[in-house]
Amino acid sequence: MISDMHLHTKWSSDSVVPVEIQIERAIELRMKHLSVTDHQDFDAPLFPPDYFKFLIDDKGDDEAVNAYVSNLLELKEKYADKIEVLLGIELGIQPHLTEQLNRFAKDYPFDFIIGSTHTFHKMDAEDKRHYEGVNIETAVRQYFEDEYINIKNFCGFDVAGHMDFVLRYGPGAAETFTYEKYGDIIDEILKTLIRTGRGIECNTSKFKAKNMINPDRTIISRYAELGGEIITFGSDAHTPDRIGEGFCEVGEIVKQCGLKYYAVFRHHKPEFYPI
């Protein structure tokens, strides 16, 4: 079973599941590795209906993050004979947070950091107010432009999380998306990742509900064409029933895109396993 490198637990604002439950589900699925990557989104814009803070333990301060790290390291030891638990985090990137994120990434012994652009123009991509009175193609391009700035400026992450996140939530964004419309800016993002030794994530959170993977398969194919080799699989699971969701089917899609191996990160170094 492909190892899941992106999931959430009670340490995230939007999950209530104990870490142990997520780990035990991965063991049931016969995964060899699992990375817990709870949310740390500094200055996350609040939006209805949930108004989540998307910070570790709803606080995100040193005390909370230290407790998170200690908890995962304890569980890593507890389950060592059954599965390798990796210490991860999902950082929300915004252009004005670059210095803060670079410091944060260096301060903790993470194995794996996902860099996710959840917001653009200081509003969450999921916030419906974002798209009022805006042409969807303009909004999608604005998202990719902000993501490019984020990836250029913040180099402390290992893979770009769900790098076309806007396609999940922009009205009509997925239905009208083609690589050709945004290929110029997407190529700049991919080339920057490749040049700096970072990778992309194949996120399956919307595969069952929308037959969607993030990024779109045309972006994965282009990444491979450009010489990219680093890809992780992430379910983005907030509940145990979603761990590893779609990995078998999506693994075949990724192979068709030209990538034969997936990565597992330890101490920010990828090790490759056949898909």
Side-chain angles (χ1 to χ4, degrees), residues 1-40 54 56-57 64-91 108-114 116 157-159 161-162 199-209 213-214 230-255 259-275:
M1 181 64 170
I2 293 171
S3 297
D4 200 331
M5 295 293 288
H6 185 165
L7 62 95
H8 298 279
T9 74
K10 68 173 185 176
W11 289 101
S12 284
S13 305
D14 54 352
S15 177
V16 296
V17 180
V19 184
E20 294 91 332
I21 299 299
Q22 300 287 57
I23 294 172
E24 288 166 7
R25 175 56 181 158
I27 293 169
E28 289 177 5
L29 293 171
R30 299 184 180 180
M31 289 183 179
K32 301 299 183 185
H33 328 88
L34 186 76
S35 182
V36 179
T37 54
D38 281 306
H39 286 293
Q40 181 78 330
F54 292 107
I56 296 293
D57 202 25
V65 179
N66 284 329
Y68 171 71
V69 170
S70 295
N71 182 218
L72 293 189
L73 292 178
E74 289 171 5
L75 294 173
K76 179 182 183 73
E77 184 175 348
K78 176 181 176 180
Y79 288 97
D81 61 338
K82 296 180 179 178
I83 192 170
E84 183 179 16
V85 177
L86 299 163
L87 175 58
I89 199 159
E90 181 181 13
L91 294 181
Y108 298 95
F110 295 115
D111 288 298
F112 180 57
I113 296 177
I114 301 171
S116 295
F157 68 87
D158 302 302
V159 302
H162 43 55
I200 62 173
E201 170 194 50
C202 179
N203 187 296
T204 66
S205 175
K206 301 300 181 183
F207 182 68
K208 181 176 285 188
I213 57 174
N214 299 103
I230 301 171
I231 191 166
T232 59
F233 282 75
S235 66
D236 213 342
H238 291 66
T239 54
D241 58 301
R242 303 293 301 278
I243 292 177
E245 185 172 277
F247 280 13
C248 292
E249 301 95 322
V250 174
E252 293 302 314
I253 293 171
V254 170
K255 285 196 286 187
L259 297 171
K260 307 301 182 186
Y261 298 89
Y262 72 95
V264 170
F265 279 81
R266 300 177 188 85
H267 309 296
H268 303 292
K269 297 184 183 301
E271 184 171 340
F272 296 93
Y273 298 85
I275 297 173

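In this structure, the side chains of Glu249 and Thr204 stay at 4.5 Å or more apart for every pair of heavy atoms. Using a 4.5 Å heavy-atom cutoff, the side chains of Glu271 and Arg266 are in contact. Annotation: side chain of Phe265 is in contact with side chain of Val159 (closest heavy-atom distance under 4.5 Å). You'll find the side chain of Tyr273 reaches within 4.5 Å of the side chain of Val264, heavy atoms only. Side-chain contact check for Pro240 versus Val17: some heavy-atom pair is nearer than 4.5 Å. You'll find the side chain of Pro109 reaches within 4.5 Å of the side chain of Val69, heavy atoms only. The shortest distance between side-chain heavy atoms of Ile243 and Gln22 falls below 4.5 Å. Between Lys260 and Lys255 the shortest side-chain heavy-atom distance falls below 4.5 Å.
The aromatic rings of Phe110 and Tyr68 sit tilted, their planes meeting at an angle between 30° and 60°.
For the atom pair CG of Asn71 and OG1 of Thr9, the computed distance is 7.5 Å after rounding to the nearest 0.5 Å. Atom OH in Tyr262 sits 8.5 Å away from atom CZ in Phe233 (nearest 0.5 Å). To the nearest 0.5 Å, atoms SG (Cys202) and CD1 (Ile253) are separated by 7.5 Å. Residue Lys269 holds its NZ atom at 12.0 Å from CG of Asp111, rounded to the nearest 0.5 Å. We find the CD1-CZ distance between Ile231 and Phe272 to be 11.0 Å, quoted to the nearest 0.5 Å. Taken to the nearest 0.5 Å, the CG atom of Leu72 stands 10.0 Å off from the CG atom of Leu34.
With hydrogens and angles left out, the side-chain atoms of Tyr79 and Glu20 include no donor and acceptor closer than 3.5 Å.
The heavy-atom pair separating Ser235 from Arg242 by the smallest distance is CB-O, 3.3 Å. Contact between Ala263 and Ile230 at its shortest, heavy atoms only, is CB-CG2, 4.1 Å. Minimum interatomic distance between Ser35 and Leu7 (heavy atoms only, all atoms of both residues): O-CG, 3.7 Å. Nearest heavy-atom pair, Met31 versus Ile2, reported as atom, atom and distance to 0.1 Å: CE-O, 3.5 Å. The nearest pair of heavy atoms linking His162 to Asn203 is CD2-ND2, 3.5 Å. When all heavy atoms of Leu75 and Val85 are compared, the closest pair comes out as O-CG2, 4.3 Å.
Counting heavy-atom neighbours within 6.0 Å of Lys32 NZ, excluding the residue itself, gives a total of 12 or less. Remark: Lys10 NZ is loosely packed, at most 12 non-hydrogen atoms of other residues, nucleotides or ligands lying under 6.0 Å away.
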Working note: Trp11 + Val19, criterion side chain to side chain contact (heavy atoms under 4.5 Å, CB included); need CA distance, chi angles, decisive distance, verdict. CA-CA 8 Å; Trp11 289 101; Val19 184; 3.7 Å; yes
Pair Ile89, Ile56 - check side chain to side chain contact (heavy atoms under 4.5 Å, CB included), show working. CA-CA 9 Å; Ile89 199 159; Ile56 296 293; 4.2 Å; yes
Full working for side chain to side chain contact (heavy atoms under 4.5 Å, CB included) between Phe207 and Glu245: CA-CA 8 Å; Phe207 182 68; Glu245 185 172 277; 5.6 Å; no
Step-by-step side chain to side chain contact (heavy atoms under 4.5 Å, CB included) determination, His33 to Phe112: CA-CA 12 Å; His33 328 88; Phe112 180 57; over 6 Å; no
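Only one option out of Asp236, Thr37, Thr239, Asp14 pairs with His8 in a side-chain hydrogen bond (donor to acceptor under 3.5 Å, both in side chains); it is Asp236.
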